[in-house]
Participant: 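Got a structure for you, questions after.
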Amino acid sequence: MDGTDLLRAELVRAAQSLGAPADVVPVLERPRDPSFGDWATNLAMVLAKPLGRKPRDLAAALIERIDKSRAGISSAEIAGPGFINFRVSADVFSEGLRALIAAGEQYGRTNAGQGCPVNVEFVSANPTGPLHVGHGRQAALGDAITSLLAASGWKVTREFYYNDAGAQIMNLALSVQARVRQLGGVEAAMPEGGYHGEYIRDLAQRYIDEHSSDPNADALDAVRRFAVRELRKEQDLDLQAFGVKFDVYFLESSLYSDGRVEATVERLVAAGHTYQKDGALWLKTTDYGDDKDRVMRKSDGTYTYFVPDVAYHVTKWERGFTRAINVQGADHHSTVTRVRIGLQALDIGIPEGYPEYVLHQMVTVMRGGDEVKISKRAGSYVTVRDLIDEVGRDAVRYFFLMRKGDSQLVFDVDVARSQSDENPVYYIQMAHARMSGIFRVGEIDASSVTGVDADLSVLSLPEEQELMKALLDYPALVAGAAEALEPHRIATYLHDTAGKAHLWYHKAHVLNEPDHLMRARLVLARATQLVLRNGLQLLGITAPERM
RNA sequence: GCGCCAGUAGCUCAGUUGGAUAGAGCAACAGCCUUCUAAGCUGUGGGUCGGGGGUUCGAUUCCCUCCUGGCGCGCCA
């Protein structure tokens, strides 16, 4: 696709004729300095030792045995300690651009996943309050990961797991109940570990308005159902504002009503991995490398959180998801081992690394120069909605995606707001808008540009060469990002490529140039527009035609 | 004490799975709008890649060790 297949094949042939093993895989990479060429390989240095020859001699021998026209290169030279630098022949670029445009919205998509099902679970916030900034990171990350997987040929199911059955929910109900009573002039204490946010008071007021027959909120179960329903509605609105959609909402409570929690426990007992101690039921996680055994059923008869978690993941497996990915905050790190061990101990054929986890580090929020301590119970946090209202959906998404998940993220609300015009996302969108502007001003239908009738060898400016190289790198980049589950690579690439596009735009005119030049440059503009658009779409960011 | 993650320019971060002279944005300074969008472009300054060992042709990248920060380590979720 990016033209390296032919070159790689030639290198393998040449290396084998010199005695290299049959499974040799030459690594091709872009030289740091573009003046060195289009591709470089360290093959001669890698083979030097096993073949007992000097790297530079070996490089010379390799070059001699390569059929340049078959490899699609115009030159090959030895550099430094034994690198071989290649220059790609012009028609590789030309054909690459035409193929890019022909693929259109499909450019960058592959069938690596071969239609296999994969379940991606993310956000999974407890319905005990609005979505905060940490959920925002997870929503952006999870959403982009599902897009990457879908673009790589996986059949993706996007799932949201609601913990609507635990002690937290009881806390929520009791908190609302206390507020209802307080509003009615009755003295009532908040429960220990209760939720103190302002939204609890709002919920209480609405409960009073809608339940005139229960002024003191004595019907605790009704309070619980009301609070959960209302908060889920709120969360749905937050997600909608962020443009994130799910295919499946899975309720923890259903695991109990279906008897799946019980069945899981019975299965673990039957498999012989449990024992009784101190009135509780324990799982022998130490058999699987944990540092201590874990309680499954407490002495009061209720289950610890990881038991329904295990039961839940059994349903993923039984629903046919041979691959499952969980996007979670690093504070849930300790669940990884336990859920996996629980699944192993069931002895039902679930593979060891199931499910996969993408853990992202914590988000700290700065406001007015101070860190905002995020605590739902204390009622201090920044919601996803706040961020979207303040800086816009596209910018919030980009901000959350521009760095690796496993580095901590400082979200300075003041900076995000005051510098919203300088947010890098606008830089990328602007590059796309500029490409679109060329077609608009020239009154040319962009989709009519194919490149088949243009001589693309006139795209010889260094800025044009650099831009073309970047555009042709895109499919390999998407594949790599999807495999590593790292959307930030797309963000970095887009920023970089947008820079090359701006540079070219500034240097070279398209319209009102001699016809043959204009036709060729329209092809490049079209290709750039498509790549930026496709990449932004993977991140869930809009690609405006004008700004 | 144990486990996971991080430490790269004044700040926020990339670094293509071990390559050549370590990059970008912001901030600072100096320039560029009669031509498809100046939300742009050009130039300048700025680094013991946390410290120390090791592995090899070659280390920001892999291994060991120490230091610093974050998150976990519950019959909470």
Side-chain angles (χ1 to χ4, degrees), chain A residues 27 29-33 36 40-42 45-46 48-49 54-55 79-83 85 126 128 163 165-169 171 193 252 277-282 290-292 294-306 308-309 329-337 359-362 364 399 402-410 412 415 419-431 433-442 444 473 476-477 480-481 484 488-489 491-493 495-496 498-499 501-503 505-513 518 521-522 525 546-547:
Chain A
V27 174
E29 56 189 8
R30 297 290 193 192
R32 199 181 296 279
D33 185 338
F36 289 162
T41 185
N42 62 355
M45 288 181 285
V46 174
K49 194 168 233 182
K54 290 181 182 167
F83 289 101
N85 292 329
N126 289 355
T128 54
N163 289 103
Q168 304 293 342
I169 298 300
N171 249 329
E252 181 189 9
K277 194 182 90 180
D278 302 334
L281 181 66
W282 297 68
D290 204 355
D291 54 348
K292 56 180 117 165
R294 307 291 171 178
V295 169
M296 294 169 58
R297 188 170 55 215
K298 296 179 266 181
S299 49
D300 67 2
T302 61
Y303 295 105
T304 55
Y305 74 95
F306 87 95
D309 267 6
D331 54 339
H332 288 80
H333 159 256
S334 63
T335 72
V336 175
T337 337
L359 297 181
H360 64 84
Q361 294 295 315
M362 299 291 90
T364 53
F399 203 104
M402 64 191 286
R403 25 193 93 160
K404 266 192 309 216
D406 49 15
S407 58
Q408 285 164 235
L409 182 74
V410 178
D412 189 322
V415 170
Q419 296 190 344
S420 63
D421 284 356
E422 288 160 16
N423 191 303
V425 72
Y426 295 111
Y427 183 80
I428 300 168
Q429 290 179 317
M430 185 61 190
R434 279 181 149 177
M435 297 302 124
S436 306
I438 293 170
F439 295 103
R440 186 176 58 247
V441 172
I444 297 161
D473 278 346
L477 180 99
H488 80 277
R489 295 193 194 183
T492 307
Y493 167 85
H495 192 262
D496 194 51
H502 283 302
L503 208 68
Y505 182 90
H506 185 257
K507 183 86 173 205
H509 268 258
V510 177
L511 303 176
N512 304 319
E513 292 287 321
M518 183 181 87
R521 286 182 174 166
L522 281 171
R546 62 200 308 171
M547 296 180 73

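Note on naming: letters A, B, ... go to the chains in the order of the sequence lines (proteins, then strands), and numbering restarts at 1 for each one. Computed from a prediction, not measured in an experiment: that's the story for all the values here.
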Participant: Around K298(A), counting heavy atoms of other residues, nucleotides and ligands shown, do more than 12 lie under 6.0 Å from its NZ?
Facilitator: yes
Participant: Run the side-chain hydrogen bond (donor to acceptor under 3.5 Å, both in side chains) test against H488(A) and tell me which residues pass, sequence neighbours left out.
Facilitator: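 With sequence neighbours excluded, H488(A) shows a side-chain hydrogen bond (donor to acceptor under 3.5 Å, both in side chains) to no residue whatsoever.
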Participant: Mind checking if A40(A) touches a base, just sugar-phosphate, or nothing, with heavy atoms under 4.0 Å?
Facilitator: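 Since a base atom lies under 4.0 Å of A40(A), the category is base.
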Participant: What's the closest nucleotide to the side chain of D406(A) if the choices are C5(B), C4(B), C75(B)?
Facilitator: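 So the side chain of D406(A) is nearest to C5(B).
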Participant: Take atom CD of Q429(A) and atom P of G40(B), then tell me their distance rounded to the nearest Å.
Facilitator: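 The distance from CD of Q429(A) to P of G40(B) comes to 12 Å, rounded to the nearest Å.
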Participant: Measuring from the side chain of L503(A) (C-beta onward, heavy atoms only), which nucleotide among U42(B), G3(B), A77(B) has the closest atom?
Facilitator: U42(B)
Participant: Polar-atom pairs under 3.5 Å, protein N or O versus N or O of nucleotides 56-58 of chain B: list them with distances, or write none.
Facilitator:
residue: C57(B); atom: OP1; partner: K49(A); partner atom: NZ; Å: 3.1

Participant: Can you name the atoms? Protein N/O to nucleotides 35-37 of chain B N/O, anything below 3.5 Å, with the distance.
Facilitator:
residue: C36(B); atom: O2'; partner: G437(A); partner atom: O; Å: 3.2
residue: C36(B); atom: O2; partner: L511(A); partner atom: N; Å: 3.1
residue: C36(B); atom: N3; partner: V510(A); partner atom: N; Å: 3.1
residue: C36(B); atom: N4; partner: Y505(A); partner atom: O; Å: 2.8
residue: C36(B); atom: N4; partner: A508(A); partner atom: O; Å: 2.5
residue: U37(B); atom: O5'; partner: Y505(A); partner atom: OH; Å: 3.3
residue: U37(B); atom: O2'; partner: R434(A); partner atom: NE; Å: 3.0
residue: U37(B); atom: O2'; partner: R434(A); partner atom: NH2; Å: 3.3
residue: U37(B); atom: N3; partner: M547(A); partner atom: O; Å: 3.3
residue: U37(B); atom: O4; partner: M547(A); partner atom: N; Å: 2.4

Participant: Just wondering, are more than 12 heavy atoms of other shown residues or ligands nearer than 6.0 Å to CZ in R546(A)?
Facilitator: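 Open.
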Participant: Check for a donor-acceptor pair, side chain of D300(A) on one end and backbone N or O of T302(A) on the other, with a separation under 3.5 Å.
Facilitator: yes
Participant: Determine which bases of RNA chain B form Watson-Crick or G-U wobble pairs with both distances under 3.5 Å, and write the result as a 5' to 3' dot-bracket string with | for other-strand partners.
Facilitator: (((((((..((((.....[...)))).(((((.......))))).....(((((..]....))))))))))))....
Participant: Does F83(A) lie flat on the base of A20(B), that is, centres under 5.5 Å apart and planes under 30° off?
Facilitator: yes
Participant: G74(B) C1' sits how many Å from F306(A) CZ, rounded?
Facilitator: 12 Å
Participant: Any N/O pairs under 3.5 Å between the protein and nucleotides 14-17 of chain B? List them or say none.
Facilitator:
residue: A14(B); atom: OP1; partner: K404(A); partner atom: N; Å: 2.7
residue: A14(B); atom: OP1; partner: S407(A); partner atom: OG; Å: 3.3
residue: G15(B); atom: OP1; partner: H488(A); partner atom: NE2; Å: 3.0

Participant: So if I take every side-chain heavy atom of K292(A) and compare against G74(B), C71(B), A77(B), which nucleotide ends up nearest?
Facilitator: G74(B)
Participant: Suppose you measure atom C1' in C33(B) against the same atom in C41(B); what distance do you get, rounded to whole Å?
Facilitator: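 Looking at atom C1' only, C33(B) and C41(B) are 11 Å apart.
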Participant: Can you list the residues that meet the salt bridge (Lys or Arg N to Asp or Glu O under 4.0 Å) rule with D291(A), with sequence neighbours excluded?
Facilitator: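 Here the qualifying residues are R294(A).
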Participant: Donor-acceptor pair, distance only, cut-off 3.5 Å: does the side chain of R521(A) make one with the backbone of H509(A)?
Facilitator: yes
Participant: What is the separation between atom CE on M362(A) and atom P on G69(B), rounded to the nearest whole Å?
Facilitator: 19 Å
Participant: What's the spacing between N126(A) CG and I169(A) CD1 if we round to 0.5 Å?
Facilitator: 6.0 Å
Participant: Take atom P in A77(B) and the same atom in C73(B), then report the distance between them in whole Å.
Facilitator: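 Looking at atom P only, A77(B) and C73(B) are 12 Å apart.
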